[in-house]
Amino acid sequence: MRVDLPHPWPESVAEAEVIQERLRPRVELTGPADFATVAGLDVHYHGDDALSAAVVVLDAATLSVVEQVVTHGQAAFPYVPGLFAFRELPALVEALRRLTVTPDLLVCDGYGLAHPRGFGLACHVGVLTGLPALGVGKTPFVGAYEQPRQERGAWTPLVLDGAVAGRAVRTRDGVKPVFVSQGHRLTLDTATDQVLRLTPRHRLPEPIRRADHLARHGG
DNA sequence: GCGACAG
DNA sequence: ATCTTGTCGC
């Protein structure tokens, strides 16, 4: 698929923050609710900066693999909470570029709107591709939330600066919730619904599990 | 001021 | 993220 990195790569924290502030207004919080194909994105780190980026496209109805790509590269920025996207974006974009199909939804390993400047990895990937995107975080990062009920499907709002920025969602009975937030071109209801339907069995959505496995063990 | 802080 | 065994439960 077609993707570009239309901004100079930041060389400082200040530059990276400026890019986030500049791109944030481009995020759209409404869009389609149904998707034929869904891609999971993940990165695995080897040494200091060596990494593998994986994208796995699934048929949304059957969860069978349509196409998958792994690329190898280097982290493009030091790890700074809030600027996480700048580490992995070049490798992820390269992997997306090598896809022969264009997925209808991108499921990212990390946060979207639930971010100190409202522009996490899922927003950044969504704005660059123009595709609907959502973020799934495994640990709390920003915001306050109440513990959702123990049953799969239960959720509570994730509140940041007095506004709802995402949801803590129980994807399986009795397991720790995951943190869902909008990335681009979809509502929070749609993001929650998609995460639940893409997680029939485990804690994390199938696209992310597949991408994680591919980045770790290759394909 | 200090600590905590997606992956 | 990664360094790491066994154990409990579906």
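Remember, it's a predicted structure, so these values are computed and weren't measured experimentally. Lettering follows sequence order; numbering is per chain, from 1.
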Whole-Å distance separating the NZ atom of A:K176 from the P atom of C:dG9: 19 Å
Phosphate OP1/OP2 of B:dA6: any A:Y79 side-chain N/O under 4.0 Å: yes
Length of the line joining A:D49:CG and B:dG7:P, which is rounded to integer Å: 18 Å
Residues, nucleotides or ligands: over 12 heavy atoms within 6.0 Å of A:D4 CG: yes
Touch class at under 4.0 angstrom, heavy-atom based, for A:L121 against every strand present: base
Between P of C:dC10 and CZ of A:R152, the distance in whole Å: 17 Å
Sugar-phosphate only, base, or nothing, as touched by A:G135 at under 4.0 Å among non-hydrogen atoms: nothing
Flag for A:H44-A:S52: side-chain donor and acceptor within less than 3.5 Å: no
N/O (side chain, A:K138) to phosphate O (OP1/OP2, B:dA6) under 4.0 Å: no
Donor on one side chain, acceptor on other, A:Y111 and A:Q182, under 3.5 Å: no
Contact under 4.0 Å: A:T139 side-chain N or O vs B:dC5 OP1/OP2: no
Options C:dA1, B:dG7, B:dC5, nucleotide nearest the side-chain atoms of A:H44: C:dA1
Aromatic ring of A:F141 stacked on base six-ring of B:dA6, 5.5 Å, 30°: yes
Given B:dG7, C:dT2, B:dA6, the nucleotide with the shortest approach to the side chain of A:R216: C:dT2
Rounded distance (Å) that lies between atom C1' of C:dA1 and atom CZ of A:R87: 8 Å
Donor + acceptor pair across side chains of A:T37, A:D104 (<3.5 Å): yes
Atom-to-atom span, CZ of A:F86 to C1' of B:dA6 - whole angstrom: 14 Å
Nucleotide B:dC5, atom P - distance to CZ of A:F179 in whole Å: 13 Å
A:L83 CG - B:dG7 C1' separation (whole Å): 13 Å
Atom pair distance, as rounded to whole Å: CD in A:E88 and P in B:dG7: 10 Å
Within one Ile-Leu-Val-Met-Phe-Trp-Tyr cluster: A:V107 and A:L186, side-chain cutoff 4.5 Å: yes
Sugar-phosphate only, base, or nothing, as touched by A:L41 at under 4.0 Å among non-hydrogen atoms: nothing
